Amino acid sequence: MLELNFLRKDKERVLEGLRKKNLPADQLAMVDEILALDIQRKSLQTLMDNGLNQVNSLSKEIGNFMKSGQTAEAENAKNTVSGIKEKNKEIEEQLKLIQNKQETLLLSLPNLPHSSVPNGKVAEDNEVFQDWPVALPVLPDSAKPHWELAQDYDIFDMELGVKISGSGFILYRRNGARLQRALINFFLEEANSAGYEEVWVPLLVNKETAFATGQLPDKEGQMYYAEKDDLYLIPTAEVPVTNIYRNEILKESDLPVCLTAYTPCFRREAGSYGAHVKGLNRVHQFDKIEIVRIEHPDNSYRALELMLDHVRSLLAKLELPYRILKLCGGDMSFSSALTYDFEVYSAAQKRWLEVSSVSNFETFQTNRMKLRYKNKDGQIQLLHTLNGSALALARIVAAILENHQTDKGIRIPLALQKYFGSEYLCNTQI
RNA sequence: GGUGAGGUGGGUGAGUGGCUGAAACUAACGGUUUGCUAAACCGUCGUACUCCAAAAGGGUACCGAGGGUUCGAAUCCCUCCCUCACCGCCA
């Protein structure tokens with residue numbers, strides 16, 4: 001949620017940012033609407049507060065009258081009070097209406113893009129921020145996509161997923177299951193040594209939590225919902241992890257907060273991966289190790305660099321060719337101020353696969369969830385939140401299978417071998 | 001799921017209708033003292049909205065959440081949520 005104060009102080013910059021995010025004109029008009037409501041809201045609030053003030057002081061007088069036995073005066077004052085209260089009731093109703101309207105509008109505005117975000121409307125407009133510096137690998141024509149490899153090596157089974165749950169659910173088996181476990185451990189250990197504290201979090205969250213990180217109300221339809229208990233299955237660990245600090249005022253010395261968590265992620269539709277939805281490219285449940293940082297506003301963009309470095313090192317250790325995209329205004333998510341996407345090149349599918357997304361949300365989430373810090377002068381300010389996938393398993397599995405396929409089996413990258421237990425993934429029962 | 005007891009500021013905890021935005025203790029922060037540490041002493045110590053050009057200073061709201069009674073509610077009533085204990089069930 002954008003800060004109301006920012007709208008009040010610098011409307012032009014807000015509009016400029018919203019234009020960069022490709023908001024249509026009718027939504028841009030909301031800014032003026034919000035500001036108009038704000039003026040109304042303030043005057044109504046002042047009116048109501050004055051009324052309440054009168055009631056409060058009269059009530060004290062009544063108490064005194066009663067003590068000193070001045071019954072007539074007391075009764076008189078009571079009548080005055082009930083008159084004021086009646087008036088106040090109307091004001092209060094109006095005020096609530098306006099407040100709700102203002103909040104709804106404010107909630108429907110996306111975050112403003114950072115000044116370095118490239119202009120553009122669609123994915124094709126994204127800027128290649130860092131390309132793969134050498135020639136992309138070329139595999140022999142006999143190279144197979146991961147869904148065929150999966151059959152050869154019997155490592156996951158789409159049909160069993162369908163049998164047990166439905167389409168988009170994968171059942172990993174044998175070396176596939178083992179590879180999952182190895183990757184989870186590898187990513188968590190790497191995050192640990194990069195200074196991220198590991199947390200293990202609930203996978204079902206309440207409304208308040210889903211609201212705070214921005215999944216509600218915008219993306220209600222994307223989440224699985226357990227109606228009986230009014231809980232949502234998390235679409236990403238970002239939700240429970242960031243919410244650890246909901247409604248907190250941190251000390252400057254607590255910063256930065258760096259957390260990591262492994263969780264399964266549940267998505268009713270797995271988003272916009274384009275037309276290629278085969279195999280592991282698009283699933284309803286996948287596994288992800290997330291890194292989350294809560295940062296001092298002055299430091300958040302440096303922190304974003306650190307997160308990029310971390311993801312870079314993971315991909316390097318997995319020996320996968322990758323590039324980094326800086327998302328354009330139109331392709332960025334609702335709540336992000338700056339997002340870098342990591343794409344791994346699959347030599348078998350001969351295309352780039354998105355495997356990580358690293359974003360700075362600045363104060364967009366913290367404003368919603370009232371996550372702040374107190375500076376040395378005692379002033380309270382909003383913090384910045386950042387998060388990134390480090391990494392998402394399903395696509396990484398696809399990339400490893402495809403890129404590292406050899407005659408001897410799937411070559412396991414050196415860094416992963418101690419977690420997986422052997423040099424090659426073969427079609428053998430372990 | 002059943003029964004009982006509770007939910008007050010960072011923590012402990014007082015407070016059963018007006019003098020309570022809230023005692024006391026403690027933690028934290030600033031200072032004095034001290035050879036260092038400790039102790040002692042003094043001071044500060046909630047958040048949000050709002051009024052004022054700004055500061056100073058006001059106003060309003062908040063004692064789990066939401067309603068209600070009352071001139072007046074942390075305190076009385078209702079609903080919900082949560083915590084703890086015991087029982088039941090269970091990996």
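No experiment lies behind these values; they were computed from the predicted model shown. In what follows, chains are A, B, ... by sequence order, proteins preceding strands, each numbered from 1. Hydrogens, waters and symmetry mates play no part in the numbers below; they use all other heavy atoms, side chains included.
Spacing of C1' atoms, B/A5 relative to B/G64, comes out at 16 Å, to the nearest Å. Atom name C1', nucleotides B/C51 and B/U34: the rounded distance is 49 Å, in whole Å. Remark: the separation of the P atoms in B/A55 and B/C49 is 14 Å, to the nearest Å. B/G58 and B/C76 are spaced 32 Å apart, taking the C1' atom of each and rounding to whole Å. For B/A53 and B/G15, the P atoms lie 46 Å apart once the distance is rounded to whole Å. Only the P atoms considered, B/U12 is 33 Å distant from B/U50, to the nearest whole Å. Rounded to whole Å, the P atom of B/G2 lies 30 Å from the corresponding atom of B/A14. Nucleotides B/C80 and B/G11 have their P atoms positioned 28 Å apart, rounded to a whole Å.
Remark: B/U33 base-pairs with no nucleotide in the shown strands. Criterion, Watson-Crick or G-U wobble with two distances under 3.5 Å. Applying the Watson-Crick and G-U wobble criteria (two distances, each under 3.5 Å), B/U70 pairs with nothing in any strand. In this structure, B/U44 forms a base pair with B/A28, meeting either the Watson-Crick or the G-U wobble geometry with both donor-acceptor distances under 3.5 Å. If you check B/C49 for Watson-Crick or wobble pairing at under 3.5 angstrom, you find it paired to B/G59. Searching all strands for a Watson-Crick or G-U wobble partner of B/G21 with both distances below 3.5 Å returns nothing. Base pairing of B/G4: its partner is B/C84, meeting the Watson-Crick or G-U wobble criterion (both donor-acceptor distances under 3.5 Å). Nucleotide B/A54 forms a pair with no other nucleotide shown, judged by Watson-Crick or G-U wobble geometry with both contacts under 3.5 Å. When both pairing distances are held under 3.5 Å, B/U79 makes a Watson-Crick or G-U pair with B/A65.
Between the A/Thr80 side chain and the A/Asn76 main chain, a donor and an acceptor come within less than 3.5 Å of each other. A donor-acceptor pair under 3.5 Å is formed between the side chain of A/Asp125 and the backbone N or O of A/Val122.
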* Go through A/His384 and A/Phe361 one step at a time and tell me if the ring-ring contact (aromatic ring centres under 6.0 Å, His included) criterion holds. => CA-CA 7 Å; A/His384 284 190; A/Phe361 302 93; over 10 Å; no
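Atom-to-atom, CG of A/Asn79 to P of B/U70 comes out at 14 Å; the value is rounded to the nearest Å. When rounded to the nearest whole Å, the span between CD of A/Glu252 and C1' of B/A28 equals 16 Å. As rounded to whole Å, 9 Å separates atom P of B/G72 from atom NZ of A/Lys78. Look at CG on A/Asp254: it is 12 Å from C1' on B/A28, rounded to the nearest Å. Rounding to whole angstrom units, CG of residue A/Asn206 and P of B/C81 are separated by 13 Å. Counting to the nearest Å, the C1' atom of B/C71 and the CZ atom of A/Phe65 are 12 Å from each other.
For A/Tyr262 and A/Trp200, the distance between ring centers is under 6.0 angstrom. Annotation: A/Tyr224 is not in aromatic contact with A/Tyr232 [ring centroid separation under 6.0 Å not met].
Classified by interplanar angle (parallel below 30°, tilted 30° to 60°, perpendicular above 60°), the ring pair A/Phe364/A/Phe334 is perpendicular.
Each salt bridge (Lys or Arg N to Asp or Glu O under 4.0 Å) pair with one or both residues in residues 63-89 of chain A, not counting sequence neighbours, appears once here: A/Glu75-A/Lys78.
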* **Base versus backbone protein contacts along nucleotides 43-65 of chain B [heavy-atom cut-off under 4.0 Å; B, S, -]** => ----SSBSS-------BSS----
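In terms of heavy atoms, A/Ile62 sits closest to A/Ala77 at CG1-CB, 3.6 Å.
Contacts of A/Lys96 with the nucleic acid, taken as non-hydrogen atoms under 4.0 Å apart, involve only primed sugar atoms and P, OP1 or OP2.
With a 6.0 Å cutoff to the six-membered ring centre and a 45° limit on the axis angle, A/Arg368 counts as a cation-pi contact of A/Phe211.
Here the CD-CZ distance, from A/Glu248 to A/Arg246, works out to 10.0 Å after rounding to the nearest 0.5 Å.
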Output a table of nitrogen or oxygen pairs between the protein and nucleotides 15-22 of chain B separated by less than 3.5 Å.
residue: B/G18; atom: N2; partner: A/Ser59; partner atom: O; Å: 2.7

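Salt bridge A/Glu33/A/Lys101: absent, no basic N to carboxylate O contact under 4.0 Å.
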